[in-house]
Amino acid sequence: MTDAQIRDRIDHLRRERHAVILAHNYELGEIQDVADFCGDSLELSIRAAETDAEVIVFCGVRFMAETAKILSPAKTVLLPVESAGCDMADMIDAEGVRRIKAAHPGALVVCYVNSTAAVKAECDLCVTSANAPEMIRLLPPDREVIFVPDRNLGAHCAGITGRPMIFWDGCCPVHQRMTAAMVERRRREYPEAELLIHPEAPPEVVALADYALSTGGILRHVRESAKKEFIIATEIGMLHRLEAEHPDKRFIPLTEQAVCPHMKLIRLPDLLRSLEENRTVIEVPEPLRARAEVPIRRMLNRKF
Ligand code: 13P
Ligand code: SF4
């Protein structure tokens with residue numbers, strides 16, 4: 001089948017199955033182009049919670065599909081490639097959260113959305129890179145705060161809110177490779193460009209950027225900016241939509257090495273097979289699902 005035929009078949013099946021195709025901003029261009037909606041983790045969670053589709057095909061990684069299932073348990077949630085995971089989410093498990101809680105009795109636990117359902121079920125509040133400082137400000141000031149699993153996003157939030165936190169020692173290997181030397185080089189090459197970075201990068205690199213933003217925040221910032229050149233310090237999948245939306249602007253990746261292998265697994269034939277064969281179905285068993293929903297609902301309702 002040609003790509004055009006695959007796309008036609010996907011269109012037919014998405015209508016027949018009352019399915020919505022959600023894609024993360026790091027997915028391959030061919031997937032972003034057929035999705036009903038592309039976004040960052042927060043935007044995708046909101047869509048998953050509000051859609052009236054019967055089937056959600058989640059083109060992203062497992063924790064994102066799990067979050068959709070937690071919020072919409074009556075719907076069928078499909079992850080087209082079962083092995084699409086997140087290395088950072090896998091750096092902590094439920095037992096790890098229980099251990100760090102036991103070492104800090106009375107502390108509240110904030111989890112980055114990049115975590116498994118089992119981890120979320122142990123936590124008090126969920127955040128994404130789009131809302132983390134704002135959410136942390138909702139927490140009662142007299143309680144200690146533990147932040148899992150991303151030490152970099154945690155440090156970024158502590159810097160913005162002035163709130164000391166206890167960090168789990170996790171990170172995103174893709175963003176962790178970004179260095180101050182890369183920033184210096186790009187600044188020399190493109191002195192007029194604005195540097196937009198994802199807060200999963202190391203704090204000493206984030207400190208050198210003009211703005212630290214979620215992937216959705218980067219897209220919004222570029223739309224509103226009069227600047228013509230941007231150095232993009234996050235996963236390179238971001239460039240697809242930026243370039244499509246702004247043919248008059250120039251986007252330079254901080255490094256071409258910033259490729260998340262999990263976000264590149266889903267291709268058009270996988271998406272088609274997912275709709276045809278109903279795979280892979282994401283399940284989050286009760287009562288774990290109900291416990292994991294609590295910190296996510298607090299985030300969506302912006303209420304602690
Ligand atoms: P955003 O929520 O900013 O899209 O980041 C998600 C993420 O970490 C994927 O790596
Ligand atoms: Fe996880 Fe990093 Fe890939 Fe995002 S880019 S899905 S945090 S491994």
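Keep in mind it's a predicted model, so treat the numbers as computed, not measured. Order of listing sets the numbers, starting from 1, for every ligand and every atom in it.
- Summary of contacts: the protein heavy atom closest to atom 7 (S) of ligand 2 is Asn114 ND2, 3.2 Å.
- Contacts with ligand 2 closer than 4.0 Å are made by side-chain heavy atoms of Glu200 only, the backbone lying farther away.
- Scanning the protein for heavy atoms near atom 2 (Fe) of ligand 2, the closest one is Cys172 SG, 2.3 Å.
- For the side-chain hydrogen bond (donor to acceptor under 3.5 Å, both in side chains) criterion with Thr215, the lone passing option out of Asn25, Asp40, Thr234 is Asn25.
- Closest to atom 9 (C) of ligand 1 among all protein heavy atoms lies Tyr26 CE1, 3.3 Å.
- For the side-chain hydrogen bond (donor to acceptor under 3.5 Å, both in side chains) test with Asp33, the passing option among His240, Arg7, Arg241 is His240; the others fail.
- When Ile218, Thr234, Thr215, Val113 are checked for heavy-atom proximity to atom 4 (O) of ligand 1, Thr215 turns out nearest.
- Ligand-side atoms of ligand 2 in range of Asp87: 8 (S), range being under 4.0 angstrom from any heavy atom.
- Ion pairing between a basic and an acidic side chain is recognised when a charged N comes within 4.0 Å of a carboxylate O; Glu276 and Arg273 show no such pairing.
- Under a 4.0 Å N-O distance rule, the pair Arg267/Glu30 qualifies as a salt bridge.
- Interface of Tyr112 with ligand 1, defined as ligand atoms under 4.0 Å from a residue heavy atom, comprises 8 (O).
- Applying the 4.0 Å criterion to heavy atoms of Ser214 picks out, from ligand 1, the atoms 3 (O).
- Using a 4.0 Å cut-off between charged side-chain N and carboxylate O, Glu184 and Arg188 make no salt bridge.
- Taking any N or O of His198, backbone or side chain, at least one lies under 3.5 Å from an N or O belonging to ligand 1.
- Protein heavy atom closest to atom 2 (O) of ligand 1, with residue, atom name and distance, is Ser41 OG, 2.7 Å.
- Considering backbone and side-chain atoms together, Glu200 places an N or O closer than 3.5 Å to an N or O of ligand 1.
- Between Glu235 and ligand 2 there is no heavy-atom distance shorter than 4.0 Å.
- The shell of residues lying under 4.0 angstrom from ligand 1, judged by heavy atoms, excludes Thr128.
- Close contacts of ligand 2 with Met88, meaning ligand atoms under 4.0 Å from a residue heavy atom, involve 7 (S).
- Counting the atoms of ligand 1 from 1 in the order shown, those under 4.0 Å from a heavy atom of Asn114 are 7 (C), 8 (O).
- The pair Arg187-Asp210 meets the salt-bridge criterion, with a side-chain N (NZ, NE, NH1 or NH2) lying under 4.0 Å from an Asp/Glu carboxylate O.
- Between the side chain of Lys75 and the main chain of Ala68, no donor-acceptor pair closer than 3.5 Å is present.
- Protein heavy atom in closest approach to atom 1 (Fe) of ligand 2: Cys86 SG, 2.4 Å.
- By the 4.0 Å N-to-carboxylate-O rule, Asp36 lies close enough to Arg14 to be salt-bridged with it.
- Below 30°, between 30° and 60°, or above 60°: for Phe230 and His221 the angle between ring planes is above 60°, a perpendicular geometry.
- Atom 2 (Fe) of ligand 2 lies at 2.8 Å or more from every N, O or S atom belonging to His175.
- With salt bridges taken as basic N to acidic carboxylate O contacts below 4.0 Å, one links Glu122 and Lys101.
- A salt bridge between Arg220 and Glu43 is present, with a side-chain N of the basic residue lying under 4.0 Å from a carboxylate O of the acidic one.
- Annotation: side chain of Val174 is not in contact with side chain of Gln257 (no heavy-atom distance under 4.5 Å).
- Ligand 1 has no N or O atom lying under 3.5 Å from any N or O atom of Asn25, backbone or side chain.
- Listed by number with element, the atoms of ligand 1 under 4.0 Å from a non-hydrogen atom of Ser129 are 1 (P), 2 (O), 3 (O).
- Regarding atom 3 (Fe) of ligand 2, its nearest protein heavy-atom neighbour is Cys260 SG, 2.4 Å.
- Residue Asp40 has no nitrogen or oxygen atom sitting less than 3.5 Å from a nitrogen or oxygen atom of ligand 1, judged on distance alone.
- His24 counts as a contact of ligand 1, since one of its heavy atoms falls under 4.0 Å from the ligand.
- Arg151 forms no cation-pi arrangement with Phe167, by the criterion of a distance under 6.0 Å to the ring centre and an angle within 45° of the ring axis.
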